[in-house]
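See structure below.
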Amino acid sequence: MTPPFPTTDAVAEVLGVLDLRALGKDRFRAQPREFGRRRLYGGQIFAQTVMAAQLTVEDRAPHALHACFLLPGTPDDPVDFEVERLRDGGAFSARRVNALQNGRVILSLMASFHRKEEGFEHQIEMPPAPEPETLASTSSLLADWVQQTGTVPHSMLEVSMTQRMGLDVHPLEPDSVFGDKVRPPEYAHWFRVCRTVPDDPRLHYALLAFASDLCFLGTSLRPHGVPWYVPSMQPSTVDHSLWIHRPLRADEWLLYVMDSPTAQNARGFVRGAIYDRAGRLVASSAQDGLIRPLKAR
């Protein structure tokens with residue numbers, strides 16, 4: 001049985017959803033795509049909103065991006081982005097962006113941009129990790145599973161999604177990708193866009209935002225032995241934050257290290273650190289999301 005890998009250029013499709021069409025001053029529109037789930041992938045709408053904010057700022061890079069997910073979106077209808085210019089100071093610029101679908105706000109973003117400055121620098125060290133080339137990709141893990149079982153069960157959804165997203169993902173614990181064993185609330189993978197993309201830094205920041213939501217909330221379910229994709233769960237991002245510390249390329253290997261300090265009140269909290277291959281901490285992330293067990297009917 002052939003696994004559900006895309007036959008089209010998945011990277012081109014991702015770049016297409018980030019190519020926003022101007023509707024007027026500080027207003028943009030994009031057509032989202034389906035990446036394996038009928039609901040709109042949170043990283044996609046987050047990345048599009050980040051791109052909308054970037055299109056209204058010059059000579060400053062985003063450093064703090066805070067998104068509140070208000071309503072679930074659908075990949076069937078276009079999304080409009082309305083940018084409000086809150087401030088353009090000597091060093092910082094601030095933007096508020098609302099993403100609207102069918103006239104309703106589905107995501108609201110606060111974004112801060114900062115011009116390049118010299119100053120003190122330090123960072124925590126990147127944890128030890130095998131080189132990405134020594135690890136199996138999610139696509140090869142899925143292919144092996146299909147060859148062994150002859151089926152593509154629903155539990156393979158997250159793996160096939162990475163292919164549709166044009167991402168090359170290599171988990172540090174390959175045996176934990178499909179399982180439902182109780183594990184520590186920690187997870188890590190290497191990732192990159194599958195092929196070289198244009199040099200525009202705005203594009204790489206948006207692609208980082210796109211990938212920052214992948215496998216994130218599921219980390220908070222690992223100590224409970226429940227995968228996020230099972231029908232008995234209702235996982236949904238409530239808010240997602242991304243801090244960008246240093247320039248980066250999304251088409252080069254990045255190590256994403258995640259941990260979940262707590263889960264409570266049907267919500268899981270997750271933190272992330274993203275390093276480039278040279279060991280530089282290029283970004284940090286955090287998310288609070290719904291992990292509500294559904295009652296049997």
Side-chain angles (χ1 to χ4, degrees), residues 15 17-32 40-73 77-121 200-213 216 236-248 250 269-274 281-289:
L15 297 180
V17 303
L18 297 177
D19 187 14
L20 308 188
R21 178 164 60 92
L23 298 180
K25 181 176 172 56
D26 298 342
R27 296 179 61 243
F28 307 91
R29 174 170 292 174
Q31 177 61 52
L40 194 59
Y41 165 58
Q44 176 180 192
I45 189 65
F46 180 47
Q48 290 173 318
T49 311
V50 169
M51 181 59 79
Q54 291 187 108
L55 291 173
T56 69
V57 178
E58 294 183 2
D59 301 324
R60 295 176 182 188
H63 74 94
L65 306 163
H66 308 291
C68 286
F69 289 76
L70 304 177
L71 290 169
D77 301 316
V79 179
D80 291 339
F81 303 90
E82 298 180 349
V83 183
E84 182 180 358
R85 301 184 185 225
L86 299 179
R87 182 175 186 269
D88 285 304
F92 290 89
S93 293
R95 300 289 186 266
R96 178 187 292 119
V97 188
N98 284 335
L100 299 94
Q101 191 172 58
N102 297 318
R104 301 189 303 170
V105 178
I106 62 174
L107 182 147
S108 186
L109 174 78
M110 282 292 299
S112 182
F113 297 77
H114 187 198
R115 66 173 172 83
K116 184 175 177 56
E117 294 193 48
E118 298 298 326
F120 298 110
E121 282 204 20
D200 185 350
R202 297 176 302 179
L203 183 59
H204 290 267
Y205 294 138
L207 287 168
L208 178 71
F210 182 87
S212 67
D213 193 34
F216 208 32
S236 181
T237 303
V238 176
D239 64 81
H240 184 86
S241 295
L242 180 65
W243 295 268
I244 299 172
H245 309 308
R246 294 172 175 86
L248 60 95
F269 176 69
V270 189
R271 304 176 298 192
I274 302 173
L281 180 65
V282 297
S284 300
S285 56
Q287 183 175 112
D288 193 38

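- The shortest side-chain heavy-atom distance between V79 and L107 does not fall under the 4.5 Å cut-off.
- With sequence neighbours excluded, no residue forms a salt bridge (Lys or Arg N to Asp or Glu O under 4.0 Å) with E82.
- When all heavy atoms of V282 and P247 are compared, the pair lying nearest together is CG1-O, 4.0 Å.
- Residues that satisfy the ring pair (Phe, Tyr, Trp, His ring centres under 6.0 Å) test with Y205, not counting sequence neighbours, are absent from this structure.
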Practice item. With side chain to side chain contact (heavy atoms under 4.5 Å, CB included) as the test, would you mind laying out the steps for Q101 and L71 before giving the verdict? Key: CA-CA 9 Å; Q101 191 172 58; L71 290 169; over 6 Å; no
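- Taking all atoms of both residues into account, the shortest heavy-atom contact from S285 to W243 is C-CZ3, 3.9 Å.
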Check your understanding: Does the side chain to side chain contact (heavy atoms under 4.5 Å, CB included) test come out yes or no for L70 and I106, once each step is laid out?
Key -> CA-CA 5 Å; L70 304 177; I106 62 174; 5.8 Å; no
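- Scanning all heavy atoms of the two residues, the minimum distance from L281 to H245 falls at O-CB, 3.7 Å.
- Looking only at side-chain heavy atoms (C-beta outward), F113 and T56 stay at 4.5 Å or farther from each other.
- Among residues two or more places apart in sequence or in another chain, the salt bridge (Lys or Arg N to Asp or Glu O under 4.0 Å) test is passed with R29 by D80.
- For the residue pair A47 and A206, the shortest heavy atom distance occurs at CB-O, 3.2 Å.
- Note that the CZ atom of F81 and the CG atom of L55 stand 10.5 Å from one another [nearest 0.5 Å].
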Exercise for review: Let me see the working for M51 and F28 under side chain to side chain contact (heavy atoms under 4.5 Å, CB included), right down to the final yes or no.
Suggested key: CA-CA 10 Å; M51 181 59 79; F28 307 91; over 6 Å; no
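- Residues satisfying the salt bridge (Lys or Arg N to Asp or Glu O under 4.0 Å) criterion with R96, sequence neighbours excluded, are E84.
- Applying the side chain to side chain contact (heavy atoms under 4.5 Å, CB included) test to V17 and every residue at least two apart in sequence or in another chain returns R33, Q44, Q48.
- Applying the side chain to side chain contact (heavy atoms under 4.5 Å, CB included) test to Q31 and every residue at least two apart in sequence or in another chain returns P78.
- Of all the heavy atoms in P32 and A30, the pair that sits closest is CD-O, 3.5 Å.
- A salt bridge (Lys or Arg N to Asp or Glu O under 4.0 Å) check over residues 46-57, counting only residues at least two apart or in different chains, returns nothing.
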Exercise for review: Verify side chain to side chain contact (heavy atoms under 4.5 Å, CB included) between V238 and F269, making sure each step is shown before the conclusion.
Suggested key: CA-CA 10 Å; V238 176; F269 176 69; over 6 Å; no
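- In this structure, the salt bridge (Lys or Arg N to Asp or Glu O under 4.0 Å) partners of D200, at least two apart in sequence or on a different chain, are R202.
- Taking the side chain to side chain contact (heavy atoms under 4.5 Å, CB included) definition, one finds that A283 meets it with L208, L242, I274, sequence neighbours left out.
- Between L109 and F46 there is a side-chain heavy-atom pair separated by less than 4.5 Å.
- Note that CG of L20 is 7.0 Å distant from CG of L18, once rounded to the nearest 0.5 Å.
- Between the NE2 atom in H114 and the CD1 atom in I244 there is a gap of 14.0 Å [rounded to 0.5 Å].
- Residues meeting the side chain to side chain contact (heavy atoms under 4.5 Å, CB included) test with N102, sequence neighbours left out: D77.
- Note on residues 99-121: pairs passing salt bridge (Lys or Arg N to Asp or Glu O under 4.0 Å), not counting sequence neighbours, are E121-R246.
- You'll find the side chain of R95 reaches within 4.5 Å of the side chain of D88, heavy atoms only.
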Could you give the side-chain donor-acceptor pairs of residues 60-69 under 3.5 Å, partners two or more places apart or in another chain?
from	atom 1	to	atom 2	distance (Å)
R60	NH1	G89	O	2.9
R60	NH1	F92	O	2.9
R60	NH1	S93	OG	2.9
R60	NH2	G89	O	2.7
R60	NH2	G90	O	3.1
H63	NE2	S112	OG	2.7
H66	ND1	S241	OG	2.9

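- The CG atom of D213 lies 5.5 Å from the NE2 atom of H240; values are rounded to the nearest 0.5 Å.
- With Y41 contributing its side chain and F210 its backbone, the two residues share a donor-acceptor pair below 3.5 Å.
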